[in-house]
There are 2 protein chains.
Amino acid sequence: MNLRDLRYFVALAETRHFGKAAERSFVSQPTLSAQIKKLETYLGVQLIERQPRKVALTETGLKILPIARRIVQESDEIVSVARNEHDPLSGKLKLGLIPTIGPYLLPVITRKLRKQLPRLKLMLYEHQTQPLLEKLRAGDLDLGILALPVPLDGLEARPLYDENFTLAVPTNSPLAKRANVKLDDLQGETLLLLEDGHCLRDQALEVCSRIDVKESEDYRATSLETLRQMVAAGLGITLLPELATRGPFGSGHGLVVKEFARPVPSRSVGAVWRKSTARTDAIKAVCDAIHSSMSS
Amino acid sequence: MNLRDLRYFVALAETRHFGKAAERSFVSQPTLSAQIKKLETYLGVQLIERQPRKVALTETGLKILPIARRIVQESDEIVSVARNEHDPLSGKLKLGLIPTIGPYLLPVITRKLRKQLPRLKLMLYEHQTQPLLEKLRAGDLDLGILALPVPLDGLEARPLYDENFTLAVPTNSPLAKRANVKLDDLQGETLLLLEDGHCLRDQALEVCSRIDVKESEDYRATSLETLRQMVAAGLGITLLPELATRGPFGSGHGLVVKEFARPVPSRSVGAVWRKSTARTDAIKAVCDAIHSSMSS
DNA sequence: GCGAGTAATAGCCAGTTCCTATCGACTAGT
DNA sequence: ACTAGTCGATAGGAACTGGCTATTACTCGC
């Protein structure tokens, strides 16, 4: 059996005329004739009674007609659903960000995204790097924004922008008065860090590996905001990604943000997605939007 | 698009494995692979995300899956409806009989029909010959039982049995005492007949055309039963088809039924149906049943 | 009887669907 | 790290299907 045959059958049932049904189906009359006969043979039942100058449905034909009609209708529905979904820049896209990027990047890009990709519904999630990668691979997320590099297997990555690290010190720290700070100036300071699992923790340790700083042993922050509070309380210093010091997140409240002298330590922020994804267009569009937002 | 493709898609969505889906669909894996891809191309949307070792549905695929499932289900329903209807000796058959046959033939054949064609639902109608033929041609009836011959255009006929005419006379008639009657004996009698439109009326006139009988001018019966009453009332004689004199319809109540001497006048009773009918099997079965009932 | 109308049949071509064989990518076990 | 195994994609060829035009068969109305 075949969708086409059902269409022919419905057309014939509605026109009650082989020629007209064929015309309406954009095929020749013999073709429609043959297909109807084939359908009847397949079903093992006569659907149409061919009276001279008159086409009548048999009992069975009458029973089958409404089902055939529904099938035809639903198959059209599939096409129309597909056509609506056809726009690659529409539908849901599940976007995951790591906690040291998400809350600071999103305000910067949402307006642009809403304007450039109005039909794309971004579902936002926040996960640390490892769970984020796992959820990407599992298909729970379509796109991740995180600090590169990460182990890519089955995943594809694209760097979006470089983000400088800044130094956050208490207002009363001697470092707060310096015009600029070099890494070496941190020698002997107490470094406050996020808890395990945050990539920023590892990046800060990496940045400071060359010099002798001591990590606060009894406290590890669960978020950048608590970390910031700790610094303001005078318990130590920390590295903050530049984006987390913009606007309302800048100096003040007992905390001063200092830029590093060159070479400025930084991290690479990028996007990651499954190689096999079906959303390459949407992903590219989102990446482009973020990239252009951050490079202007 | 194709029903087969939808089946493949549903199988793939359920197994999440090209190989297994192919096996379940009784085709090779490359075939299923190609058809899925063809379906995607046709719809212009990716339905499946091919991850290594994992097959996942896209958003669109998820939306289309339930529709595809319903279509597949309904197409199976068509097949099963057809299979149920497949039995040519089941379903409805609209049977029309003329008034001078129906009430007398039916009691004779219903038991046999019910036994031999238990799944055939006979819808019974009573019409005079002309309307019966029209309704046959219009498709309102599938089969007619009437007196042959009739003009057949587009119709096919089959004689079923010959039915002798008998003579009904009042008990006090001189004819009632005769051992047997010849046609010539009717000379001078008053002949009671059915109203216009009943073929029996024409048959009786035909039978008596050779001899001089006078038709009652002021009365024409609407049914055999009223005709019988008239005879019993002594207003004349009439011809009755043999079947209408059996059992409860025989002599008595002021009326005597006499058989004719040879050559016995008779009429041919037969079946008529559209050449184009889709119910030849059922029609043949009903005809056979009537024929064997009447020839035993 | 003849022409118009209508569906069925015949014969042929092109596109589709299917198969087997093989490849390429990835995984897991040694 | 290498190898065998799994799994989907690709290639090439055979068989089938669906489509066409031309023609036939049958009714019907004049």
Side-chain angles (χ1 to χ4, degrees), chain A residues 1-9 11-13 15-42 46-58 61 136-139 151-156 274-278, chain B residues 1-9 11-13 15-42 46-58 61 133-134 136-139 151-156 274-278:
Chain A
M1 191 166 39
N2 199 311
L3 273 178
R4 204 182 306 119
D5 301 344
L6 295 182
R7 273 179 207 282
Y8 293 164
F9 173 57
L12 181 55
T15 59
R16 309 262 158 158
H17 188 290
F18 279 77
K20 295 204 183 86
E23 194 178 348
R24 224 188 65 174
S25 307
F26 307 108
V27 294
S28 68
Q29 169 265 315
T31 296
L32 186 129
S33 221
Q35 289 311 103
I36 293 289
K37 178 165 285 182
K38 199 202 58 174
L39 178 61
E40 288 181 328
T41 307
Y42 171 76
Q46 196 169 331
L47 301 173
I48 304 286
E49 187 184 321
R50 288 115 172 128
Q51 301 174 28
R53 321 242 140 201
K54 197 178 158 198
V55 166
L57 293 194
T58 61
L136 266 174
R137 294 202 182 91
L152 303 170
D153 26 30
L155 299 178
E156 208 156 355
R274 287 185 302 286
K275 269 184 191 158
S276 61
T277 186
Chain B
M1 188 167 42
N2 199 311
L3 273 176
R4 202 183 308 118
D5 300 344
L6 295 181
R7 272 177 207 283
Y8 293 165
F9 173 58
L12 181 55
T15 58
R16 308 264 159 159
H17 188 289
F18 279 76
K20 294 202 184 86
E23 194 178 348
R24 225 188 63 172
S25 308
F26 308 108
V27 293
S28 69
Q29 169 267 314
T31 295
L32 186 129
S33 220
Q35 289 311 105
I36 293 288
K37 177 165 285 181
K38 199 202 58 169
L39 179 61
E40 288 181 328
T41 308
Y42 171 76
Q46 198 169 329
L47 301 173
I48 302 287
E49 188 182 319
R50 288 114 172 127
Q51 300 174 28
R53 317 248 137 199
K54 199 178 157 201
V55 166
L57 292 195
T58 61
L133 290 173
E134 280 161 28
L136 266 174
R137 294 203 182 89
L152 303 170
D153 24 31
L155 299 179
E156 209 155 358
R274 285 186 303 285
K275 269 186 192 156
S276 59
T277 186

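Below, each value reflects all heavy atoms present in this structure, side chains not excepted, and no hydrogens, waters or symmetry copies. Throughout, a chain's letter reflects where its sequence line sits, starting with A, and its residues are numbered from 1.
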Length of the [atom1]-[atom2] vector between [X] and [N], whole Å:
X	N	atom1	atom2	answer
Phe18(B)	dC18(C)	CZ	P	15 Å
Arg4(A)	dG15(C)	CZ	P	14 Å
Gln35(A)	dT9(C)	CD	P	14 Å
Gln29(B)	dC19(C)	CD	P	11 Å
Arg137(A)	dT27(C)	CZ	C1'	14 Å
Lys275(B)	dA8(C)	NZ	P	16 Å
Leu6(B)	dT17(C)	CG	C1'	16 Å
Arg50(B)	dC26(C)	CZ	C1'	17 Å

**OP:** Name the residue closer to the 5' end of DNA chain C, choosing between Phe26(B) and Lys54(A) according to the nucleotide with the nearest heavy atom.
**Re:** Lys54(A)
**OP:** Let me know, please, whether Val27(B) or Arg16(A) comes out on the 5' side of the other along DNA chain C by nearest nucleotide.
**Re:** Arg16(A)
Original post:
Under 6.0 Å from the NZ atom of Lys20(A), do we count more than 12 heavy atoms belonging to anything else shown?
Top reply: no
Original post:
Is it the case that more than 12 heavy atoms not belonging to Gln29(A) sit under 6.0 Å from its CD atom?
Top reply: yes
Subject >> Rounded distance (nearest 0.5 Å) linking atom CZ of Phe9(B) with atom CG of Leu47(B) >> reply: 5.0 Å
Subject >> Where Gln46(A) and Glu49(A) come nearest, the two heavy atoms and their spacing >> reply: NE2-CA, 4.0 Å
Subject >> dT16(C) phosphate, OP1 or OP2, under 4.0 Å from Tyr42(B) side-chain N/O >> reply: no
Original post:
Do the side-chain N or O atoms of Thr31(B) get closer than 4.0 angstrom to the phosphate oxygens (OP1, OP2) of dC19(C)?
Top reply: yes
Any non-hydrogen side-chain atom of [X] less than 4.5 Å from a side-chain atom of [Y]?
X	Y	value
Arg137(B)	Leu133(B)	yes
Met1(A)	Leu39(A)	yes
Val27(A)	Tyr8(A)	yes

Original post:
With sugar-phosphate meaning primed atoms plus P, OP1 and OP2, does Lys20(B) contact a base, only sugar-phosphate, or nothing at under 4.0 Å between heavy atoms?
Top reply: nothing
Original post:
Counting side-chain heavy atoms from CB outward, which of dC19(C), dT17(C), dA7(C) is closest to Ser28(B)?
Top reply: dC19(C)
Original post:
Of the nucleotides dA7(C), dT9(C), dA21(C), which one has an atom closest to the side chain of His17(A)?
Top reply: dA7(C)
Subject >> First-last contacting nucleotides on DNA chain D - partner chain B, under 4.0 angstrom, heavy atom >> reply: dG5(D) to dT27(D)
